[in-house]
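The block underneath contains the structure these notes are about, expressed in structure tokens.
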2 protein chains.
Amino acid sequence: MKFEAVTIKDIARALGLSTSTVSRALRDSYEISPETKQKVLEYSEKINYRPNPIALSLKEKRSRSIGIIVCEIANSFFSQIINGIESIAYDKGYNVIISQSHESYEREVINTQYLASRSIDGLLVSVSSETQDLDHLKNLHDRGFPIVFFDRIVEEMQTHKVIVDNFQGAYDATEHLIKSGYQNIAALAGSEYLSITKERLGGYRKALEDNGRKFDPACIQHCLHGGMLYDEVENALTQLLKLKTKPDAILASADKLTTNCLRYFKKTKIKVPDDVAVIGFSNLDLTDLLSPSLSVVRQPAYEMGQLCTELLIQQIESKRPVKDFERRVLPPQLFVRESTEKCKENPKN
Amino acid sequence: MKFEAVTIKDIARALGLSTSTVSRALRDSYEISPETKQKVLEYSEKINYRPNPIALSLKEKRSRSIGIIVCEIANSFFSQIINGIESIAYDKGYNVIISQSHESYEREVINTQYLASRSIDGLLVSVSSETQDLDHLKNLHDRGFPIVFFDRIVEEMQTHKVIVDNFQGAYDATEHLIKSGYQNIAALAGSEYLSITKERLGGYRKALEDNGRKFDPACIQHCLHGGMLYDEVENALTQLLKLKTKPDAILASADKLTTNCLRYFKKTKIKVPDDVAVIGFSNLDLTDLLSPSLSVVRQPAYEMGQLCTELLIQQIESKRPVKDFERRVLPPQLFVRESTEKCKENPKN
DNA sequence: CTGAAAGCGCTAACAT
DNA sequence: ATGTTAGCGCTTTCAG
């Protein structure tokens, strides 16, 4: 069942004008007499005329839509990012087409190709946990297709990039743990391939070293699927808790890692923060409701979404090829709550 | 910076053929000789030819994209619904364009018009809390535009509708509270305009009456924004707690109502479930992590998304106008957890 | 000031 | 088996 819309031709026929006159009248061209304009405007208003954007796209060779590739929209951080993206996109007359990789490299490739073939004007990408090979993106990029990376970026490609200062976020969190008196701080990290993982572990390590602690790689466990699967988190934590120097604090470096970490501790009746403290990167809106309330490093997700969209649209609309790519680094925020508070018997040192 | 893609014309020129021959070869038409096909296929493979979907859309008068209108994607229920929608849409070669009303009627109207003008082939709608006037949707629907409602439906329009059995969900939750020994069960409800609110309150009332309790309208408070604003929830609860028969249990009828309700109790140091029990409609993935863990009525969101998308695409692709509209009602699931467990001193009766 | 015609990429009816 | 042409809706020269 097709939905037949009114066209410029219908207006022309009804008013005894040519399509070009109608077109010009609608765009308020100076070449059209006021009376004709008046007539055209009135009539198209009456029949509720709307230009066909597809015809426009064909002509202008642009679709006014942008694609987004994220791992999962059912994730606070990404849904907040998407809110930011949409707010700018709609303002500028673009619509957005969202696709999810579910942390699968294969799906990321398929989605990229699908989006690219759907005539989007540009792409906002946060790569999947599994992604190592970047040909699917490089191909597009090499042909001049606008791509902006956010959050999980890729150093090998020259594009705009928007991230949070992951190093600093992890540094602050780790230092907070140290200052609160925790001795053995382990890291529950995401995929080793991800930029964010490397950056966060970098900050973790530096904070330890700056505070005279020794950095031990054994205190790091990676979860390839970024904590999306409960089992990988359980395995990782089991490993960590088996260490000779048993951790008394965990730094979880992503949303799902953090929540699945809490889930594991709840399941195994390990008390937070009495037995082990937990701080995580998280944009959950509910961290205050958990019990104990959760200490987190929070990212300005909405702003990140806005910023990368602005950069992308700017590039799409730029007259000449963009050569100067920006790397915008936003500050994370540390929220200290109960999950990293030493119990009263052992006050902070 | 435009991104110039390869067209059928380039292939034709390179191979000394006409565009129609190339077009036919690509679509494997029987009229084309095997040799020509071979050549065309090879060459287009080589230069990585992709048909321009916009040109196709213009020709076929369909865009192979569907629009979604929801209040908020940063809401578990809706992000799960969207996952379900995407899974089917991508399978069938459609892409989805999501827009958020943020519970504002005005934005819903703007988004509807925007989407409609972007040549989508159909629309999946869950109306905003504020929506009463339906002209923006009726206009489209009257012109034969495919619309499917889900979750927050609208009785005045003859379309496919996919919902959960809200009446039953609320009935079960209320009965569970009664059976657990709670005496004064109040309802924290969403906007009075919404179908789901009416259905859920219907179930609440019936369960009370079936169990010999009297139904008191004073025990219901509505939040126009569905709990999106903390203040409206705080006000509503303050009212409820002032009642002469102070509630010992709350039935919250939506995700945000539930979480903001917990937030209020946490803030005011009201103990759940000792001072007051809480059960809510919620699709949060974290209800088990809350403390006390939260009893909920959960909706099969993913399946709802899949189902409404199937119905929509079926209607879009139907040869003749669809007259028989379906109303699919999926079962909700009750999960009993700690937030509605009477403390040990007063065991269940 | 207005109209005719071409063209965006593709398909299909109509030649040949 | 292949080519020519028209047309999808719209804008934009180019001609009056």
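Just so you know, these numbers use all the heavy atoms, side chains as well, and skip hydrogens, waters and symmetry mates. A, B, ... follow the sequence lines: proteins, then strands. Residue 1 opens every chain.
- You'll find the side chain of Thr112(A) reaches within 4.5 Å of the side chain of Leu123(A), heavy atoms only.
- For Ile8(A), taking side-chain heavy atoms from C-beta onward, the closest of the listed nucleotides dG9(C), dT2(D), dC10(D) is dC10(D).
- At dC8(C), one or more side-chain N or O atoms of Lys9(B) fall inside 4.0 Å of OP1 or OP2 (strictly under the cut-off).
- Comparing the end axes of the helix from dC1(C)-dG16(D) to dT16(C)-dA1(D), each fitted to five base pairs by superposing C1' atoms of four pairs onto the next four, gives an inter-axis angle of 60° (nearest 10 degrees).
- Between Lys37(B) and the phosphate of dA1(D), there is no side-chain N or O to OP1/OP2 separation shorter than 4.0 Å.
- The side chain of Ser33(B) sits closest to dT2(D) out of dC8(D), dT2(D), dT2(C).
- Remark: C1' of dT12(D) and CZ of Arg27(A) are 10 Å apart, rounded to the nearest angstrom.
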Next on the checklist: Let's go through Glu326(A) and Lys161(A) carefully: what are the C-alpha distance in whole Å and the side-chain angles of both, what is the deciding distance for side-chain contact (heavy atoms from CB on, under 4.5 Å) to 0.1 Å, and is it a yes or a no?
Outcome noted: CA-CA 6 Å; Glu326(A) 299 192 37; Lys161(A) 290 161 193 168; over 6 Å; no
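- Checking the phosphate oxygens (OP1, OP2) of dC8(C), no side-chain nitrogen or oxygen of Thr7(B) falls inside 4.0 Å.
- Taking SG of Cys308(A) as the start and CD1 of Ile68(A) as the end, the distance is 8.0 Å to the nearest 0.5 Å.
- If you take CG of Asp28(A) and C1' of dC1(C), they are 14 Å apart, rounded to a whole angstrom.
- Below 30°, between 30° and 60°, or above 60°: for His141(B) and Phe325(B) the angle between ring planes is between 30° and 60°, a tilted geometry.
- Of the possible polar contacts, one joining the Lys37(B) side chain to the Ser29(B) backbone as a donor-acceptor pair under 3.5 Å is found.
- Looking only at distances, no side-chain donor or acceptor of Ser318(A) sits under 3.5 Å from a matching main-chain atom of Gln314(A).
- No engagement by Ser57(A) is indicated, since no non-hydrogen atom pair under 4.0 Å with the nucleic acid exists.
- A distance-only check finds no donor-acceptor pair linking the side chain of Ser23(A) to the backbone of Thr19(A) [under 3.5 Å].
- Between atom CZ of residue Phe150(A) and atom OG1 of residue Thr309(A) there is a gap of 8.5 Å, rounded to the nearest 0.5 Å.
- Checking the phosphate oxygens (OP1, OP2) of dT2(D), no side-chain nitrogen or oxygen of Tyr30(B) falls inside 4.0 Å.
- Distance, Lys61(B) NZ to dG7(D) C1': 10 Å, rounded to whole Å.
- With sequence neighbours left out, the side chain to side chain donor-acceptor pair (under 3.5 Å) criterion links His225(A) to no other residue.
- When each of Thr36(B) and Glu31(A) is assigned the nucleotide of DNA chain D bearing its nearest heavy atom, the one mapping closer to the 5' terminus is Thr36(B).
- Between Tyr105(B) and His136(B), the ring planes lie perpendicular to each other; the angle is over 60°, past the 30° to 60° tilted range.
- Nucleotide dG9(C) holds its P atom 13 Å from the CD atom of Glu60(A), rounded to whole Å.
- One interatomic measurement links the two molecules: CG of Asp10(B) to P of dC8(C), which rounds to 11 Å at whole-angstrom precision.
- Going from atom CD of Glu35(B) over to atom P of dA1(D) covers 9 Å, rounded to whole Å.
- One atom, CG of Leu58(A), and another, C1' of dC10(C), lie 9 Å apart when rounded to the nearest Å.
- The CD1-C1' distance, from Ile11(A) to dC10(D), rounds to 12 Å in whole Å.
- Listed by residue number, Ser20(A), Ser23(A), Arg24(A) are the residues of residues 12-26 of chain A with a heavy-atom contact under 4.0 Å to DNA chain D.
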